[in-house]
Amino acid sequence: MRSGSLVEESYTIARQCIFLTLLGASIIIACLLLERTIFQTENEKATKQLVSSHIYTNKILLTDETLTLSATMAAITGKDQWIQHYNKNLPIIDQAIKQTLDLAPTDIAKDFDNETRLSNDKLVELEETAFDSLKAGNTTKALSILQSPTYISHKKILKKGTSKFIDDMVRAKQSNLSHIQKRAKLLQMFLLFGAVLSGYLLFRRLNTSLNKTETAYLEAESEIRFLANNDPLTGLANRASFQDALKTAFSRAELNNSELAILMLDLDCFKPVNDLHGHPCGDFVLKKVAQRINKVLKNHMMCARYGGDEFIIYIEFNKNDNTPNIISREIIETLSKEIIFDDISVKIGASIGIAEYPKHASNSLELIRKADLALYSAKENGRNRYQLYQQEMEINLDKRTLQEEELRKAISNNHIVPFFQPIICLDTGRIKGFEILSRWLHPQQGIISPIQFIPLAETTGIIGELTLSVLQQACEQALSFPDDSFIALNIAPRDIQDEWLVEKILNVLQKTGFPAHRLEVELTENALINDLSAARRVISSLKNLGVKIALDDFGTGYSSLYYLSELSFDKLKIDRSFISSLHDREESKKIIHAIINLGQSFDIPIVAEGIEQENDAQVLGEMGCHMGQGFLYSKPIQAEEIPQLIEKLAPMDSQAISA
């Protein structure tokens with residue numbers, strides 16, 4: 001847990017560092033782009049100003065030359081058009097000077113104005129004086145003014161000032177550009193320093209985190225390697241590592257000309273451990289089982305947890321050696337001993353199937369399959385034993401496959417039909433209801449007892465389909481029965497584990513229109529033992545629909561009282577084994593009496609099964625039993641025989657009432 005949290009913290013810090021690095025890089029790039037944009041903008045602006053300055057100053061010089069030329073030509077020729085030409089260019093030079101001054105820095109503009117303004121004004125004054133002389137007809141004087149040293153001197157001053165202004169403007173703009181470049185370099189250095197400092201701090205933080213988790217990673221690596229090859233609960237090898245080891249064992253067996261056995265082991269009576277004592281107890285039992293198996297195993301043997309309460313073992317042994325049988329016997333013996341968990345004594349067992357290489361199979365997959373077949377045979381033949389694979393098991397498997405296909409067809413074709421056995425009120429003799437009993441109407445074999453096909457339906461997983469098919473037929477037929485009668489359906493233990501069982505029963509009731517309050521569901525203790533939580537859910541949901549719940553074969557299990565206190569039942573049914581020995585064994589009579597008293601204390605009606613003699617019914621009635629069923633009243637019959645049965649039992653009803 002600690003290494004996991006450190007890993008998570010390390011990844012979080014790494015992600016933060018990456019985010020901050022990317023953010024910092026983005027900021028730096030953005031600043032550089034901004035700086036470049038500002039620098040470029042200012043550079044372009046300064047360049048434009050410089051170019052404009054050149055244009056305007058050249059314009060000043062050119063216009064000034066034009067003015068001088070116009071004045072000179074006017075003095076030489078005496079023509080008025082040159083004076084007009086002069087006056088036309090005079091506003092141009094004033095505008096050029098103004099534009100130039102607007103572009104220039106204040107100090108340069110001021111110097112330029114100081115240096116050129118006086119000369120410019122003096123030149124204009126001299127040129128206007130020359131024009132006045134021209135107008136008076138004195139061209140000689142006008143020309144002498146324009147050629148005078150004063151005029152020439154001011155022309156030089158204007159030209160020199162303008163040239164100096166251009167040079168000052170260039171230097172100012174270059175200085176401005178240099179200043180911009182220095183600022184850009186300073187910003188770049190600052191950003192670079194910030195990036196280095198940030199990178200160093202981020203590296204320090206990430207490095208500290210990685211150093212902190214390095215030890216945890218090394219520890220986790222070892223744990224992960226263990227978990228990859230072992231079952232986390234028992235510590236045994238898991239399937240993957242067992243398969244790898246088995247391949248190596250097969251190679252050794254081929255090389256050494258030795259033999260190899262696979263033992264498939266399944267725990268007996270493990271399910272009630274979880275249901276009665278909780279999963280912590282179940283986990284403890286599995287750990288103890290693993291420990292006990294490992295104590296029995298020797299060199300060249302390996303055990304793995306195959307899933308749930310199933311284990312797999314391989315044993316390398318020499319030819320003509322009885323090691324697999326010996327090991328199997330020892331395992332069954334050690335697992336049969338009680339296990340103590342928090343003052344709770346737990347008793348389990350084990351069934352083992354054995355298959356050997358090369359006698360039974362040439363590869364690991366086939367060997368495991370045949371060991372599994374042998375395990376199935378061991379469980380079928382009484383459990384808590386081991387069974388060596390035999391060829392007949394394949395034949396039995398093929399036979400079961402054919403029987404399963406035939407049974408599926410029988411269910412889909414409604415050849416499995418409901419028979420009904422009446423449940424009688426022992427006080428009045430009236431029929432209270434009917435228990436639904438399945439029969440297979442086989443085209444060739446006739447009526448087949450459920451003893452022959454129910455176990456097959458359970459082991460193949462089609463018992464649910466069979467139950468619902470028979471229930472639907474029974475509900476359709478029972479609609480013609482007396483309105484105050486009920487029908488009782490026995491639910492197989494496997495059906496309880498179907499999460500949709502209640503919905504399926506409700507669907508049948510809705511489809512047939514049979515009232516829920518006239519349906520009674522019978523559960524055996526085996527159904528409760530297999531999955532108590534599922535049974536509790538099913539019972540609660542069915543009772544909410546109005547369906548009645550009965551506990552069947554009461555008294556045959558070791559935990560009947562526990563279930564009676566934990567769950568809500570509407571009826572208890574005394575197992576027929578107690579009724580059949582009612583007059584022969586005093587113990588049976590005492591048990592029946594105790595069950596009846598228990599039912600009365602819980603206010604639960606009692607039904608006795610297997611009543612075959614009149615004195616059985618009489619004694620049970622005297623003991624306070626409410627209802628009974630058995631061959632005394634009727635064998636199981638089909639729906640069309642029910643009216644005759646009701647008519648047959650009617651006199652009993654009348655006699656009982658008159659008595």
Side-chain angles (χ1 to χ4, degrees), residues 418-437 474-475 477-490 514-523 543 546-555 569-576 578-580 582-583 588-589 591-639 641-659:
F419 274 52
F420 301 89
Q421 186 174 44
I423 299 172
I424 307 297
C425 177
L426 297 182
D427 293 334
T428 65
R430 291 184 58 200
I431 296 177
K432 300 292 291 182
F434 302 88
E435 181 175 359
I436 304 170
L437 301 168
C475 287
Q477 296 169 11
L479 288 172
S480 62
F481 297 174
D483 292 342
D484 59 350
S485 65
F486 64 86
I487 56 174
L489 175 72
N490 197 297
F514 191 79
H517 70 273
R518 290 181 58 191
L519 176 64
E520 188 174 281
V521 168
E522 297 181 1
L523 302 176
K543 288 179 74 69
V547 176
K548 303 294 190 298
I549 307 296
L551 180 57
D552 198 11
D553 300 337
F554 188 78
F569 295 101
D570 300 293
K571 194 174 293 181
L572 299 180
K573 301 189 75 173
I574 304 174
D575 187 69
R576 64 181 65 249
F578 298 115
I579 307 303
S580 63
L582 174 60
H583 303 288
S588 295
K589 191 172 184 179
I591 291 174
I592 293 171
H593 193 272
I595 293 174
I596 292 171
N597 288 338
L598 185 65
Q600 290 173 349
S601 65
F602 278 91
D603 195 23
I604 301 176
I606 306 296
V607 180
E609 297 180 301
I611 300 177
E612 298 184 359
Q613 303 176 28
E614 188 66 44
N615 59 342
D616 291 344
Q618 183 178 351
V619 172
L620 288 167
E622 291 172 354
M623 294 173 68
C625 184
H626 304 89
M627 289 172 279
Q629 65 183 96
F631 281 10
L632 173 63
Y633 308 105
S634 173
K635 65 179 182 179
I637 60 177
Q638 291 185 277
E641 302 176 70
I642 296 296
Q644 292 87 345
L645 177 64
I646 294 175
E647 185 177 349
K648 175 185 174 182
L649 296 179
M652 293 178 57
D653 188 6
S654 302
Q655 292 171 10
I657 293 172
S658 62

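Values reported hereafter were calculated over all heavy atoms of this structure, with side chains retained and with hydrogens, waters and symmetry mates removed. Start at 1 with the first residue, then count along the sequence. Nothing here was measured: the structure is a model prediction, and the numbers come from that model.
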If every non-hydrogen atom of Leu620 is compared with every non-hydrogen atom of Ala608, which pair is closest and at what distance? CD1-CB, 3.6 Å

Hey, does Asp616 have a side-chain heavy atom less than 4.5 Å from the side chain of His583? yes

Compare every heavy atom of Leu645 with every heavy atom of Ser634, then report the nearest pair and how far apart it is. CB-CD1, 3.8 Å

Return the orientation label for the Phe420 and Phe481 ring planes: parallel under 30°, perpendicular over 60°, tilted otherwise. perpendicular

If the test is side-chain contact (heavy atoms from CB on, under 4.5 Å), which one of Asn490, Asp570, Val547 qualifies with Val521? Val547

What's the separation between atom CD in Gln477 and atom SG in Cys475, rounded to the nearest 0.5 Å? 10.0 Å

Going by side chain to side chain donor-acceptor pair (under 3.5 Å), Asp484 matches just one of Arg430, Lys432, Arg518. Which one? Arg430

Sub-6.0 Å ring centroid separation between Phe554 and Phe569: no

Close side-chain approach of Phe602 and Leu572, heavy atoms under 4.5 Å: no

Is the closest side-chain heavy-atom distance between Pro482 and Ile431 below 4.5 Å? no

When rounded to the nearest 0.5 Å, the distance separating CD1 of Ile646 from OG of Ser485 is 7.0 Å

Search all heavy atoms of Ile579 against all heavy atoms of Gly610 and return the closest pair with its distance. CG2-O, 3.7 Å

Can you tell if the side chain of Asp552 reaches within under 4.5 Å of the side chain of Leu523, non-hydrogen atoms only? no

To the nearest 0.5 Å, what is the distance between NE2 (His626) and CG (Asp427)? 8.0 Å

Minimum heavy-atom distance Leu649-Tyr633, with the two atoms named: CD2-O, 4.4 Å

Please identify which of these residues, Glu435, Glu609, Lys635, Gln629, meets the side chain to side chain donor-acceptor pair (under 3.5 Å) condition with Gln421. Gln629

For the CG atom of Leu479 and the CD1 atom of Ile487, what is their distance to the nearest 0.5 Å? 8.5 Å

Starting at CD1 of Ile424, measure out to CZ of Phe434 and round the result to the nearest 0.5 Å. 7.5 Å

Here the pair of heavy atoms bringing Ala550 nearest to Glu520 is CB-OE2, 3.9 Å

How far does CD1 of Ile606 sit from SG of Cys625, to the nearest 0.5 angstrom? 7.0 Å

Given side chains that start at C-beta, do those of Ile592 and Val619 come closer than 4.5 Å, heavy atoms only? no

Looking at Lys543, I want to see if its NZ is surrounded by more than 12 non-hydrogen atoms of other residues, nucleotides or ligands under 6.0 Å. yes

For Ile611 and Leu426: C-alpha separation, side-chain torsions, deciding distance, then whether side chain to side chain contact (heavy atoms under 4.5 Å, CB included) applies. CA-CA 11 Å; Ile611 300 177; Leu426 297 182; 4.3 Å; yes

What are the two closest heavy atoms between Leu437 and Pro636, and how far apart are they? CD1-CG, 3.4 Å

